[in-house]
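Right, one structure below, let's go through it.
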Amino acid sequence: MHMFRWIVKTIRDEHEVDEAILVRSAALETDCGLAIEQVEGLLETIARCFAVAFPPGALDEVLRLEELFMLSAWLKGYYKQPPFLSDAYAAACRAANPACG
């Protein structure tokens, strides 16, 4: 839960998104109002702070806040593989992040 809360706080503080909008089902771009560059920056921040690697194509796999939570937690080894990931992307994640294997 700590990781999830940290991601919400980061979006709230760095991108000035009202926390009331930051519900699990919120779409990162449409509901949260984040530009693609902001989502990319968020992925970079998560990767750096939690020592995980998002393989190329993450933005094709992750559309909602809940999906970002689940993917981040899985890459760190805290959660099972999210069911929404394509097989090819999941394989790339496992190759880049031994904790999720």
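We number each residue from 1, following the sequence as shown.
Smallest separation of non-hydrogen atoms from Cys32 and Leu22: SG-CD2, 3.6 Å. In terms of heavy atoms, Val23 sits closest to Ala20 at CG1-O, 3.7 Å. Taking every heavy atom of both residues into account, Ala53 and Pro55 meet most closely at O-CD, 3.2 Å. Closest approach of Cys93 to Cys100, counting heavy atoms only: O-SG, 3.6 Å. Minimum heavy-atom separation, Pro83 to Met70: CD-CE, 3.9 Å.
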Apply side chain to side chain contact (heavy atoms under 4.5 Å, CB included) to the pair Trp6 and Thr45, showing each step before the final yes or no.
-> CA-CA 11 Å; Trp6 183 90; Thr45 301; 3.6 Å; yes
Mind running side chain to side chain contact (heavy atoms under 4.5 Å, CB included) on Leu65 and Leu28 for me, showing each step along the way?
-> CA-CA 6 Å; Leu65 194 53; Leu28 293 168; 3.9 Å; yes
Please lay out, stage by stage, how Leu68 and Leu42 fare under the test side chain to side chain contact (heavy atoms under 4.5 Å, CB included).
-> CA-CA 10 Å; Leu68 178 59; Leu42 178 60; 3.7 Å; yes
Verify side chain to side chain contact (heavy atoms under 4.5 Å, CB included) between Val62 and Leu43, making sure each step is shown before the conclusion.
-> CA-CA 11 Å; Val62 173; Leu43 292 177; 5.9 Å; no
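Note: Leu71 CG to Gln81 CD = 10.0 Å, rounded to the nearest 0.5 Å. We find the CD-CZ distance between Glu61 and Phe84 to be 7.5 Å, quoted to the nearest 0.5 Å. Here CG of Leu59 is found 9.5 Å from CZ of Phe54. Values are rounded to the nearest 0.5 Å. In this structure, CD on Gln38 lies 10.0 Å from CD on Glu14, to the nearest 0.5 angstrom.
A chain of hydrophobic side-chain contacts below 4.5 Å, direct or via other Ile, Leu, Val, Met, Phe, Trp or Tyr residues, connects Val52 to Phe4. Placement of Tyr79 and Leu63 in two distinct hydrophobic clusters is found when ILVMFWY residues are connected by side-chain heavy-atom separations under 4.5 Å, directly or transitively. In this structure, Leu34 is a member of the same hydrophobic cluster as Ile21, with clusters built from ILVMFWY side-chain heavy atoms closer than 4.5 Å.
Environment of CG in Asp87: sparse, with no more than 12 heavy atoms of neighbouring residues, nucleotides or ligands closer than 6.0 Å.
Side-chain contact between Trp74 and Leu85 is present, with heavy atoms from C-beta onward closer than 4.5 Å.
The stretch residues 66-82 participates, sequence neighbours left out, in these salt bridge (Lys or Arg N to Asp or Glu O under 4.0 Å) pairs: Arg64-Glu66, Arg64-Glu67.
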